[in-house]
Amino acid sequence: NCAELLALENPYDAGARDAAQINDIHWDHAFYNGRYYVYFGIVPCLLFQLPFEALTGIQNLAYAPCMVVLGLLLLAACFGVVGQAVRRGFPQTSAAAYLLAVAAVVLGSQLYNLLERPYIYEYTILCGAALLMLGLWLWLLAAATPVEHGGVLALQLGLGSLCVALVAGCRPQMELFAFLAVPIFWNRYVTKGRLRQRGAVRELLVFALPVVLVAG
């Protein structure tokens with residue numbers, strides 16, 4: 001249908017497309033000079049479609065199974081983030097209140113609405129949300145890990161930053177949540193003066209390197 005779209009003065013004019021009886025179009029894509037372009041981030045494809053094709057030779061892995069995996073990852077990360085928040089600020093919270101808080105976060109993430117329509121738009125949003133929550137969970141774990149456990153701390157910092165950085169390749173505006181790193185790490189690195197202590201430079205490099213690599 002590319003030739004038919006090119007024949008229109010404005011292929012984005014829904015009325016003109018209806019008049020020309022052009023119904024077979026690719027939604028959520030950009031059409032320019034006779035070609036379709038996907039304007040969503042490439043990270044979901046790198047995580048699922050390309051590895052699947054490399055292993056099986058089968059192209060175009062369906063979005064639905066990928067989104068189920070991402071949904072489970074997001075659900076687990078919600079439990080982790082809320083659990084860390086409870087331990088840090090509300091240690092007397094009951095199990096019932098904890099579960100209700102997790103349910104509220106999951107509902108607020110629109111997980112159920114996204115899973116209802118497994119298509120490219122919802123796919124990238126869910127991938128970004130899952131990576132973001134996983135990254136925040138890892139950062140919270142890092143903030144709670146004693147500095148004496150340098151290896152574990154570095155792994156949590158690095159993987160957390162990698163997950164949050166990859167959000168830019170899914171849903172860029174979600175990167176605003178990366179600023180949550182400030183309150184998460186403020187107590188250790190500013191209030192307690194960790195920035196002036198030995199080993200802080202290595203932790204800063206581990207924290208920043210994934211961001212630089214993803215940005216590059």
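Note that the structure is predicted; figures quoted are calculated from it, not measured.
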Backbone N/O of Asn23 and side chain of Arg17: donor-acceptor pair under 3.5 Å: no
Inter-residue atom distance Leu131.CG - Met174.CE, 0.5 Å rounding: 10.0 Å
Mutual orientation of the aromatic rings belonging to Tyr32 and Tyr37 [parallel < 30°, tilted 30-60°, perpendicular > 60°]: tilted
More than 12 heavy atoms from other groups under 6.0 Å of CZ on Phe179: no
Heavy-atom closest contact (Arg117 atom, Met67 atom, distance): O-CE, 4.3 Å
Distance (rounded to the nearest 0.5 Å) between Leu204 CG and Leu157 CG: 9.5 Å
Minimum-distance pair of heavy atoms, taken over all atoms of Pro44 and Gly169: CD-O, 3.8 Å
Spatial distance of atom CH2 (Trp139) from atom CD1 (Ile184) [nearest 0.5 Å]: 6.5 Å
Arg88 atom CZ, over 12 foreign heavy atoms within 6.0 Å: yes
Side-chain heavy-atom pair Phe90, Tyr98 within 4.5 angstrom cut-off: no
Contact check, side chains of Val214 and Val43, non-hydrogen atoms, under 4.5 Å: no
Neighbour count above 12 (heavy atom, 6.0 Å) for Tyr36 OH: yes
Interatomic spacing from CG in Leu5 to CD1 in Ile25 - rounded to 0.5 Å: 7.0 Å
Val164 vs Glu175 side-chain heavy atoms within contact, under 4.5 Å: yes
Point-to-point distance, once rounded to the nearest 0.5 Å, from CG of Leu70 to CD1 of Ile125: 12.5 Å
4.5 Å side-chain heavy-atom contact, Phe52 and Gln49: no
Test of ring centre spacing under 6.0 Å for Trp137 and Phe79: no
Residue pair Val81 / Val105, side-chain heavy-atom distance below 4.5 Å: no
Minimum side-chain heavy-atom gap Gln156-Val152 below 4.5 Å: yes
Where Ala200 and Arg194 come nearest, the two heavy atoms and their spacing: CB-O, 3.2 Å
Sub-4.5 Å side-chain heavy-atom contact between Trp27 and Ile120: no
Aromatic ring pairing Phe185/Tyr189, orientation class (parallel under 30°, perpendicular over 60°, tilted between): perpendicular
Interatomic distance, Leu213 atom CG to Leu166 atom CG [nearest 0.5 angstrom]: 10.5 Å
Test item: Leu73 and Met133 side chains (from C-beta on) under 4.5 Å apart, heavy atoms: no
Shortest non-hydrogen contact between Cys66 and Phe48, atoms and distance: SG-CB, 3.6 Å
